[in-house]
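Note sheet for the following structure.
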Amino acid sequence: MPELPEVELAARQLRAGLSGRAVSVVWATQGPPLRCPTDELVAFEGQSVLEVHRVGKQLAITFTGDVGLLLHLGMSGRIRSTGAGASMAFPLPHERLRLELVDGSHVSLHDVRRLGRVRVVRGGSVFETPEWRRLGQDALELTETPELFRERLCRDRRPIKVALLDQSLVAGIGNIYASEGLHQAGIHPRQSTRKLQSGALCRLAVAVGEAMKATLTHEPGAEITYLSEHPKSTNPFLVYAREGQPCFACEATIERFVQAGRSTFMCPRCQPFGEESTEALRS
DNA sequence: GATAGACCAAC
DNA sequence: GTTGGTCTATC
Ligand SMILES: [Zn+2]
């Protein structure tokens, strides 16, 4: 369930299902997404959940007893929370991790592709781990601090789409919101980041932040529905996965190409290469 | 910088 | 062949 909005919803699910409760047993499948021996999971038994944190797509849960859990959903992870008594078959399909609580309820991580990451942190804060320290500013803050974003990116030599996906610059932008944000800001994805004007970068910061917030406020359920599981193959995006279809703003045909191994979608008319987004001011 | 592949499973 | 993630190696 990558990208920030989905992970934020996952964080809320974790808080709702875990906050203040005591753990009885922790179960996990051997191997990915678990990145440590299953034995280490006993560290949580008898401990209570303190807080659930999120920066970008990275989740961290702190417990009493100075233990923590780092959680990354990868490409296909999702959180399921089940109340007491409602227990069914176990384990459910693709269930990889389950925290059983003393009140009889449980919270699970399901991860079909096993590209997620789960790791126990002992003898130190989850916030001191490389996974956490590596992350840049959370993308939800972009709307309030576009200047910080500009400051962070303006010397980057990579194409802007590639820089957007770098979690150490801004944490939380994934393949969809990179394309969506660039379209909203009218910037060509192959544009060199450092050649972009300040105004263009700030516009982009706001566009990405707004797009994510819109998804969070419009998403009715507790979970995001993926494109592949949309009822009538309805696509809520402006350019993402719309290759060959007309741009909503100008009718030009949406193009697709690959950057850094990922699909990029853009409108050739709304997002021209060069042009005003990189031109220096004339004196 | 830009690839290509690795990790994974499913459509 | 594709997929909303990330890491490594290599030109
Ligand atoms: Zn257009």
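These numbers come from a predicted model, not from an experiment. Atoms considered below: every heavy atom in the structure, side chains included; atoms not considered: hydrogens, waters and symmetry mates. First the proteins, then the strands, lettered A, B, ... as listed; each starts at 1.
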Write down the protein N/O and nucleotide N/O pairs, taken from nucleotides 7-11 of chain C, whose separation is under 3.5 Å; answer none if there are no such pairs.
from	atom 1	to	atom 2	distance (Å)
C:dC7	OP1	A:Arg134	NH2	2.9

Quick check for you: among C:dT2, B:dC8, B:dA9, whose closest atom lies nearest to any side-chain atom of A:Pro32? B:dC8

A:Arg152 side chain near A:Val170 side chain, heavy-atom distance below 4.5 Å: no

Do the side chain of A:Ser179 and the main chain of A:Phe265 share a donor and acceptor less than 3.5 angstrom apart? yes

Atom CZ of A:Phe265 and atom P of C:dT3 are separated, to the nearest Å, by 6 Å

Can you tell me how far CG of A:Leu164 sits from OH of A:Tyr177, rounded to the nearest 0.5 angstrom? 14.0 Å

State, without any angle test, whether A:Arg96 and A:Thr29 hold a side-chain donor-acceptor pair at a distance under 3.5 Å. no

Rounded to the Å, how far apart are A:Arg78 CZ and C:dG5 C1'? 15 Å

Tabulate atom names and distances for all N/O pairs under 3.5 angstrom spanning the protein and nucleotides 2-5 of chain B.
none

Within less than 4.0 Å of OP1 or OP2 of C:dG5, is there a side-chain N or O belonging to A:His72? no

Given atom CG of A:Leu70 and atom P of C:dT6, what is their separation to the nearest angstrom? 14 Å

Is it true that A:Ser24 and A:Glu100 share a donor-acceptor pair across their side chains at a distance under 3.5 Å? no

Counterpart residues, salt bridge (Lys or Arg N to Asp or Glu O under 4.0 Å), relative to A:Glu255 (two or more places apart): none

Pair up each side-chain donor or acceptor in residues 181-190 of chain A with any protein partner under 3.5 Å, not counting sequence neighbours, and list the distances.
from	atom 1	to	atom 2	distance (Å)
A:His188	ND1	A:Arg190	N	3.0

Separation of C:dG5 atom P from A:Leu4 atom CG, nearest Å, is 11 Å

Spell out, as yes or no, whether a donor-acceptor pair under 3.5 Å connects the side chain of A:Gln271 to the backbone of A:Cys267. yes

Could you state the atom-to-atom distance from CZ of A:Arg114 to P of B:dA6 in whole Å? 19 Å

Hey, does A:Arg35 reach any base, or is it just sugar-phosphate, or nothing, if we go heavy atoms under 4.0 Å? nothing

Counting only heavy atoms and a strict 4.0 angstrom limit, can you tell me which residues of residues 125-133 of chain A come near DNA chain C? none

Tell me whether A:Glu95 is salt-bridged to A:Arg98, with the criterion being a basic N under 4.0 Å from an acidic carboxylate O. yes

Phosphate oxygens OP1/OP2 of C:dT6: is one of them under 4.0 Å from a side-chain N or O of A:Gln167? yes

Let me have DNA chain B in dot-bracket notation, would you? Count Watson-Crick plus G-U wobble pairs, both distances under 3.5 Å, and use [ ] for pairs crossing earlier ones and | for inter-strand partners. |||||||.|||

Nearest-nucleotide pick for A:Val112, side chain only, options being C:dT2, C:dG5, B:dA9: B:dA9

Any side-chain to backbone donor/acceptor pair from A:Gln191 onto A:Phe273? Under 3.5 Å, distance only. no

May I ask you to verify if any side-chain N or O of A:Ser76 is less than 4.0 angstrom from the OP1 or OP2 atom of B:dC8? no

Tell me: CD of A:Glu243 to C1' of C:dT2, nearest whole Å? 12 Å

Presence of A:Arg262 side-chain N/O under 4.0 Å of C:dT2 phosphate oxygens OP1/OP2: no

Got a salt bridge between A:Glu131 and A:Arg119, using NZ or NE/NH1/NH2 to carboxylate O under 4.0 Å? yes

Base, sugar-phosphate or nothing for A:Pro33? Non-hydrogen atoms, less than 4.0 Å. nothing

So, A:Gln259 and A:Thr264: side-chain donor and acceptor under 3.5 Å apart, yes or no? yes

4.5 Å side-chain heavy-atom contact, A:Ile160 and A:Leu153: yes

Look at all strands and tell whether A:Ser228 reaches a base, only sugar-phosphate, or nothing, counting heavy atoms closer than 4.0 Å. nothing

5' priority, DNA chain C, between A:Ser263 and A:Lys57 [closest heavy atom]: A:Ser263

Polar side-chain atom of A:Thr145 near backbone of A:Glu147 as donor-acceptor pair, under 3.5 Å: no

Donor on one side chain, acceptor on other, A:Thr143 and A:Lys213, under 3.5 Å: yes

Using atom CZ of A:Arg113 as one end and atom P of B:dA10 as the other, report the distance to the nearest whole Å. 10 Å

Using whole Å, report how far CG of A:Asp111 lies from C1' of C:dG5. 11 Å

